[in-house]
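Here's the structure we're looking at; comments come further down.
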Amino acid sequence: MRTPVFELHIRPMFRSIDREHMMNLFGDWFDLWSCDVLQEHIDRVIESLEADFGMPPVGKGGPWPPEWIALLRRWKQTGFKRLKLGSGSYEVFRTEDVVELVASFTLPAPGWAGWLELESRTEDSRTYALYFEEPDEPQEGSGEQVDVSEQFTGVDKLFVRDAQGLSQVEIPS
């Protein structure tokens, strides 16, 4: 069975209403969308989700299904796995209205995965993250060279967040 990953399996289960509800539930503020904060409060969150009064309440989307709670428990039991930010180089190409972002990177070892993920967008900008996922069972050897791309229109500003930080990538005219 695959090890749950915060960004892929855990974070998406917390809707904005769940986040808002949990911010004040215990008389102190904490953010369910923060991996570090969730780890710190994991036992209290699980207790609330399993409580007889059912969290979140029916009027706020209803209690979580037992499978979701089991997944949250498994994430805790398997060591709070999360994605890593990768490092790469970026090129941007424009053909008329279409912009293409190409990320080139070398994965750390066999079995790793890497991809660009859209983090946010506005009318005139996009921000991507370069994520790497470590395999559940590490393998020896060298990682492969990978190129991934994203295409979009209507963007004047482009940013990429990776292991080096957040950088603006120039879009050719």
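Residue indices begin at 1 and follow the sequence shown. Quantities reported herein were computed from a predicted structural model and do not represent experimental measurements. Scope of the values below: all heavy atoms of this structure, side chains included, with no hydrogens, waters or symmetry mates.
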Once you round to the nearest 0.5 Å, how far does [atom1] of [X] lie from [atom2] of [Y]?
{"X": "Phe159", "Y": "Gln168", "atom1": "CZ", "atom2": "CD", "result": "4.0 Å"}
{"X": "Cys35", "Y": "Glu40", "atom1": "SG", "atom2": "CD", "result": "12.0 Å"}
{"X": "Arg74", "Y": "Ile10", "atom1": "CZ", "atom2": "CD1", "result": "8.0 Å"}
{"X": "Lys76", "Y": "Ile42", "atom1": "NZ", "atom2": "CD1", "result": "7.0 Å"}
{"X": "Thr3", "Y": "Glu134", "atom1": "OG1", "atom2": "CD", "result": "10.0 Å"}
{"X": "Leu158", "Y": "Glu170", "atom1": "CG", "atom2": "CD", "result": "9.5 Å"}

For the student: nearest non-hydrogen atoms of [X] and [Y], plus distance:
{"X": "Trp112", "Y": "Lys84", "answer": "CH2-CD, 3.7 Å"}
{"X": "Pro4", "Y": "Thr78", "answer": "CD-OG1, 3.8 Å"}
{"X": "Pro135", "Y": "Pro110", "answer": "CG-O, 4.1 Å"}
{"X": "Gly114", "Y": "Val148", "answer": "O-CG1, 4.3 Å"}
{"X": "Leu38", "Y": "Leu72", "answer": "CD2-CD1, 4.5 Å"}
{"X": "Lys81", "Y": "Asp136", "answer": "NZ-OD1, 2.9 Å"}

Side chains of [X] and [Y] in contact at under 4.5 Å (non-hydrogen atoms):
{"X": "Glu67", "Y": "Ile69", "value": "no"}
{"X": "Val146", "Y": "Leu107", "value": "yes"}
{"X": "Thr127", "Y": "Thr122", "value": "no"}
{"X": "Val5", "Y": "Glu133", "value": "yes"}
{"X": "Glu47", "Y": "Val45", "value": "no"}

Does one hydrophobic cluster hold both [X] and [Y], with members joined at side-chain heavy-atom distances below 4.5 Å?
{"X": "Trp115", "Y": "Tyr128", "value": "no"}
{"X": "Ile171", "Y": "Leu116", "value": "yes"}
{"X": "Leu71", "Y": "Ile46", "value": "yes"}
{"X": "Val37", "Y": "Met13", "value": "yes"}
{"X": "Leu8", "Y": "Leu130", "value": "no"}

Within 6.0 angstrom of [X] [atom1], more than 12 heavy atoms from elsewhere:
{"X": "Gln145", "atom1": "CD", "value": "yes"}
{"X": "Asp97", "atom1": "CG", "value": "no"}
{"X": "Glu123", "atom1": "CD", "value": "no"}

| Is the gap between the ring centers of Phe14 and Trp68 under 6.0 Å? |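 Phe14 vs Trp68: aromatic centres not under 6.0 Å.
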Would you list the atom pairs, donor with acceptor, under 3.5 Å between side chains in residues 85-95 and any protein atom, with sequence neighbours excluded?
| from | atom 1 | to | atom 2 | distance (Å) |
| --- | --- | --- | --- | --- |
| Ser87 | OG | Gln164 | NE2 | 2.8 |
| Tyr90 | OH | Asp162 | OD2 | 2.7 |
| Arg94 | NE | Pro172 | O | 2.7 |

| Between Asp36 and Ser34, a side-chain donor and acceptor under 3.5 Å |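 Result is no, nothing qualifies.
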| field | Those residues that, when tested against Arg73, pass salt bridge (Lys or Arg N to Asp or Glu O under 4.0 Å) (two or more places apart) | value |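 Arg73: salt bridge (Lys or Arg N to Asp or Glu O under 4.0 Å) contacts with Glu50.
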| said: Going by the rule ring-ring contact (aromatic ring centres under 6.0 Å, His included), which residues pair with Tyr131 if we only count those two or more places apart in sequence or in a different chain? | reply: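 Partners of Tyr131 under the ring-ring contact (aromatic ring centres under 6.0 Å, His included) test: none.
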| field | Test side-chain hydrogen bond (donor to acceptor under 3.5 Å, both in side chains) applied to Asp147 and Ser104, step by step | value | CA-CA 4 Å; Asp147 293 328; Ser104 299; 2.6 Å; yes
| How are the rings of Trp75 and Phe80 set to each other: parallel, tilted or perpendicular (split at 30° and 60°)? | perpendicular
| task | Check Arg121, Lys157, Glu119, Glu150 against Arg126 for a side-chain contact (heavy atoms from CB on, under 4.5 Å) and give me the one that passes. | result | Arg121
